[in-house]
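First the structure, in the form of structure tokens, and then the observations on it.
Model, not experiment: these values are computed from the prediction. Numbered from 1 within each chain, the chains take letters A, B, ... in sequence-line order.
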Amino acid sequence: MFGPDMISVRDLAKVFQDKKRGPVRAVDGVSFDVGRGEIYGLLGPNGAGKTTTLRILATVLAPSRGSATLDGLDIFRDGRRVRQRLGFLSGDMGLYHRLTPRELVAFFGRLNSLDGARLRPRMDELFSLLGIHEFADTKIDKLSTGMRQRVAIARTLVHDPPVLILYSTHVMEEAECLCDRIGVIHRGKIRAVGTIEELRARTGKSRLREIFLDLLSLAEGDGG
Amino acid sequence: MSLRTAWVIYRKEILDLLRDRRTLISMVVLPLLVMPLLIGGLSYFMARTERKARETAHPIAVRREIPLSGLLEALSDAGLVPEEAPEPRTAVSEKRAEAGVEVAGSEAQPRVKIYLDRTRTTSEVAANRVELALNRLKEQRVREGLHSMGVSSEVLTPFAVEKVNIATPKRMAGFFLGTLLGYLMVLLMLTGGTYPAIDMTAGEKERRTLEILLAAPASREEVVLGKMGATITAVFVTAILTVTSFGVTFALGARVAEFRAVTSQLPVDVPAVLLILVTLFPLSVLFASILLALSLTARSYKEAQSYLTPLMFLVIMLAMVSTLPGVELGPRLAVIPVLNASQLIKEILMGAASPVTIAVTFGANLAYATGAFLYAVWMFKRESVLFRI
């Protein structure tokens, strides 16, 4: 159904040293694959290990164990090239509020080695697509939340990356509509993977929210 | 590492900083205003207080247990206003008089006490004038005594004594102004870099932009280099503006009567200013690196400010040493950071800096700056610092 794997994660683990709690296993042996063109949803409650997994994939954190490739590139050895193929959008948007959308998107374009000749038409295209032109030269702190979200999307797409990591805390119904496959992560481990249909068949529930809660309670029953 | 990417980050940081009001105040407004306000204000108030003290007819509380002829006349002649009072000491403490005079002892051997309150400049000045008047009276008595015995008053001065200040006016002015500039310069440089450093580190964490920046293709080294460059720029621009403001203040100040005594002696000496700026460059790198490394460990703006407070005190203490009298920059003192720069600025303005101390200061600060720079780079690579949980 989908092309060869764009993301391949094998036995990924991350242990943080916490002064009070000692070693904390944020991610504990996670493996999954995402094919070309596939939308994969990683769902989990707070503290499940989603952020840490995604940060490792974005090469922002180094894993304690395991391996991962992105578009065939090893994320540990080819950090820069991996990041060049990646668009990373977090729920906080991560915008510099004193800059204008034009300055911000240009900055990330330049970081991705886009020069003026390629950057200008690309920004023009994105600004038209997302309706940013009319506020392109207004400082971001003067923009509404909706406008900022569009700027954040333009920033993520400016270098036309083949892989997108969209990190958000949005409603589960969105994941149900959008995702080709869903992985449920809890306490650092993947508890279930499949299409919505497969997960429905496995749990006997129809809505993703119910499926999710059911899988979590099963995981709790397994002893976490 | 690509210098081009570091340059992209540097340019963005500078643009971001120039739009931050706090940075602009500490980097541009403060250095430009502190010098004229401080020097202008100080000169004005000092001149006014001194003139007032000189010209005012101070009330002096006088009590005489035994007569001392000519006392009241001597005080009046000195421009003071003697007033009889039962307790001169209380009169001074209750500020009814600026100084008190009490004559006790015996008629053959009178003893005069002068009361003053050293916490009040006017009291000190009044007491000095009382002392001068009394000495004049004493001398007059001695002359009269000698005269009645038929002895020439020349015996009072068997030889003359004269103190000659060999310091040139330029050196004097350099000493006074160099002390001020040396101290203020390092303080302003530190404050000039503080907000930019916090904004680029703890500020980025607080606004959740750091993660996005690190997920972009720039390497950690390029990120640090860009941010470091921007902080160094902020610190060094502060230094340049402080020196400029200092020069302009004195150039304009020379037209104001109260300033002239000092300012006219200190022509704005371009090589001296350039030498000061060259000396300050490694200090800028040192400050920028420490500020960045320390504020990176904080989770928020406020936390970073509290981390930097002890650093501020340390710098103030080191810089203050250079304001103490008798401090001279030998090769040993020249290896103490901050102190060496403050002291060297003073000595350069006095025209007394030796090439050896300039070289040692520059070299020592360059070594510290390199160490601090590497430390900051190392800090930027530590996950526990970047993503404190």
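Both the backbone and the side chain of A:A62 come within contact range of chain B, judged by heavy atoms closer than 4.5 Å. For a residue to count as touching a neighbouring chain, one of its non-hydrogen atoms must lie under 4.5 Å from one of that chain's; by this rule A:K20 does not touch chain B. For A:R81, no part lies near chain B; criterion is any non-hydrogen pair under 4.5 Å. If you measure heavy-atom distances from A:K139 to chain B, the contacts under 4.5 Å come from the side chain alone. For B:L210, no part sits under 4.5 Å from any heavy atom of chain A, backbone or side chain. Proximity to chain B (any heavy atom under 4.5 Å) is shown, for A:I165, by neither the backbone nor the side chain. For B:E204, the part lying near chain A is the side chain, with the backbone staying farther off; criterion is any non-hydrogen pair under 4.5 Å. With a 4.5 angstrom heavy-atom cutoff, A:R85 does not touch chain B via any of its atoms. Both the backbone and the side chain of A:F107 come within contact range of chain B, each with at least one heavy atom under 4.5 Å from a heavy atom of that chain. The parts of A:N112 that come within reach of chain B are both its backbone and its side chain, each placing non-hydrogen atoms under 4.5 angstrom from that chain.
The greatest number of non-hydrogen atom pairs below 4.5 Å with chain B, out of A:E103, A:K19, A:H159, is found for A:E103. Ranked by heavy-atom pairs under 4.5 Å with chain B, the first of A:H97, A:M93, A:R155 is A:R155. For chain B, the option among A:Y96, A:F88, A:F108 with the highest count of heavy-atom pairs below 4.5 Å is A:Y96. Listed options B:G203, B:A218, B:A215 were ranked by heavy-atom pairs under 4.5 angstrom with chain A; first place goes to B:A215.
Of the charged side-chain nitrogens involved, at least one lies within less than 4.0 Å of a carboxylate oxygen, so that B:E221 and B:K381 count as a salt-bridged pair. Of the charged side-chain nitrogens involved, at least one lies within less than 4.0 Å of a carboxylate oxygen, so that A:D11 and A:R65 count as a salt-bridged pair. Between B:K227 and B:D199 there is no salt bridge, since none of the side-chain N atoms of the basic residue sits less than 4.0 Å from a carboxylate O of the acidic one.
Taking the six-membered ring where the residue is Trp, B:F281 and B:F236 present perpendicular rings, their angle passing 60° and hence far from 30°.
In this structure, B:F373 and B:I232 have side chains that are not in contact, with every pair of non-hydrogen atoms separated by 4.5 Å or more.
Nearest approach of A:R102 to A:M123, heavy atoms of both residues: O-CE, 3.3 Å. The two residues B:P196 and B:A234 make their nearest non-hydrogen contact at CG-CB, 3.7 Å.
Geometrically, B:R22 engages B:Y301 in a cation-pi contact defined by less than 6.0 Å to the ring centre and at most 45° from the axis. With B:F380 as the aromatic partner, B:R220 does not meet the cation-pi criteria of under 6.0 angstrom to the ring centre and within 45 degrees of the ring axis.
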